[in-house]
Amino acid sequence: MLSVKDLEVRAGAKLLLRSASFQVAAGDKIGVVGRNGAGKTTTMRILAGEALPAGGAIQRNGLIGYLPQDPRESDLSVTVRQRILSARGLADIFERMRRYELEMASAAGALRDKAMNSYARAEAELVAAGGYAAESEAAQIAHNLGLPERVLPQPLAELSGGQRRRVELARILFSKADTLLLDEPTNHLDADSVIWLRDFVKRYSGGVMMISHDAKLLEDTVNKVFHLDANREVLDVYSMGWKLYLNQRELDEKRRKRERSNAERKAADLLTTADKLHAKATKAAAAHSMTRRAEVLLAGTEQLRALDRVASIKLPDPAPSGKTPLSATGLSKTYGSLEVFTALDLAIDRGSKVVVLGLNGAGKTTLLRILFGLEQPDTGEVLYGHGLQLGYFAQEHDQLDMSRTVLENMVAAAPDLNETEARKVLGAFLFTGDDDHKPTYVLSGGEKTRLALATLVMSKANVLLLDEPTNNLDPASRAEVLKAIRTYRGAIVLVTHDAGAVEALEPERVLLLPDGAEDIWDDDYAELVSLA
């Protein structure tokens, strides 16, 4: 269904992948792994046809279903049901049938007969596309991904970012595509939805290729692993399950190290002999031959894997503030007929640690956006206390201007820095060379997270609003973020599905949404984190 030959992937002038060839066939369940910034998301976009390769050929047979890391639906007026059904062209059929029903009810004579004939043709199209059962199937998939039936008639504009991403995942899974390309499909899913997704992927008859940092998902589903090695710029293909891959990759690294060591030893012997022969004019040709053999010997062995670099993340020393730098009273918010939360009171004292828990759609992201001033509450007010300096990390990276370059976003966030200083900060977050001039919209989810954290580090904030700060990160980068949360001396309001992030925060209080109830943190709340 997907056939790739000699694929070359670049980000600007930087080579990410060279001469990769592989196939994705029915029944393949492929996990795509590699450190953040290795090119996984860029490669997936190319395979989906949303970007062009630097070289090579891609042959696509059948329907491709692609879930990008940051899906953006331009028309937010369509309903959840319409968006999901559109994957099979059913939304248009249902819309035409409803229109013909109205015409049949209001028209007479020939106009009514015409409407009846049109309705019959549309219904025949519906039956050919799976009938009314398809609408039920779409609703069931949505329900399994944490989107209840009451959400289906709502326009996308009324949903949170996490809910919209689940709508896109539901749409792709409903599409019955021959090949699914999924980029971090478990982001924003609760524990029950992740379990359901694992089972769905295992049972799926088509090909599946997915980028994920969820080791349990990979262990339970994949029968092949594609490792994109950023240091060697190659794609290592392992036709085996996750645990066997981990063992085999380690063996491959030991083999490469052994072969390289042997080659270096033999090359050193040849070069030593060549140096001795160079002293004799009659042996110059032999010396040159030995030097050439040493070069060929080293060129014929693979480079050893260099240790993956990890951004060293230290959150800012908080600026001085009053006792309660941030508070809110009587907050309420509704979207259309959907009441998100009402009469919410909140006080964030200097240095306090608060975790916000609630089911998807309960208003967690909305609350943080209101506290930061990106949205206005319907009632109530947010009070900024003495000395408040607010920092915000958005799960959708809303604080980044996608039209700006990496460097331009950094300079905008920290205008006191000159360009040289801004580049130095970006370098610490692994943006080097031409990376500074990349437009932000082309970055992977992990790279956007690193850029957002870089801008946050320079903010001198004393209250941080963190919305899913560990999403899209590889294990090493996630560990750095958790360490930064653990050592930060300012106040934090945290929204997360990551139990490790809550453990690092060591919260004093918990805010439960949509009720707005506050409580002293207790370990009994910990099991709610992944379920929320």
R450 to F431, cation-pi by 6.0 Å centre distance and 45° axis angle: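 Here R450 passes the 6.0 Å and 45° test against F431.
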Look only at the side chain of [X] and the backbone of [Y], and say whether a donor-acceptor pair between them is shorter than 3.5 Å.
X    : Y    : value
R45  : A51  : no
D183 : I211 : no
R165 : Q69  : yes
K243 : E219 : no

Taking the side chain as C-beta and beyond, is there a heavy-atom pair between [X] and [Y] under 4.5 Å?
X    : Y    : value
T221 : W242 : no
R166 : L189 : yes
D252 : D236 : no
R478 : V481 : no

Flag if over 12 foreign heavy atoms under 6.0 Å of OH, Y384: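 More than 12 heavy atoms, drawn from other residues, nucleotides or ligands, come within 6.0 Å of this atom.
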Salt bridge (Lys or Arg N to Asp or Glu O under 4.0 Å) partners for D345, two or more places apart: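 Salt bridge (Lys or Arg N to Asp or Glu O under 4.0 Å) list for D345, sorted by chain: empty.
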T455 side chain to Q399 side chain, donor-acceptor N/O pair below 3.5 angstrom: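 Distance-only check fails for T455 and Q399.
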Can you give each donor-acceptor pair under 3.5 Å made by side-chain atoms of residues 499-510, sequence neighbours left out, with the distance rounded to 0.1 Å?
{"residue": "E508", "atom": "OE1", "partner": "K353", "partner atom": "N", "Å": "3.3"}
{"residue": "R509", "atom": "NH1", "partner": "A347", "partner atom": "O", "Å": "3.3"}
{"residue": "R509", "atom": "NH1", "partner": "E518", "partner atom": "OE2", "Å": "2.2"}
{"residue": "R509", "atom": "NH2", "partner": "A347", "partner atom": "O", "Å": "2.6"}

Salt-bridge criterion met for E168 and R164 (N-O under 4.0 Å):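 Result for this pair is no, no salt bridge flagged.
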Counterpart residues, side chain to side chain donor-acceptor pair (under 3.5 Å), relative to E184 (two or more places apart):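 E184 satisfies side chain to side chain donor-acceptor pair (under 3.5 Å) with H213 once adjacent residues are dropped.
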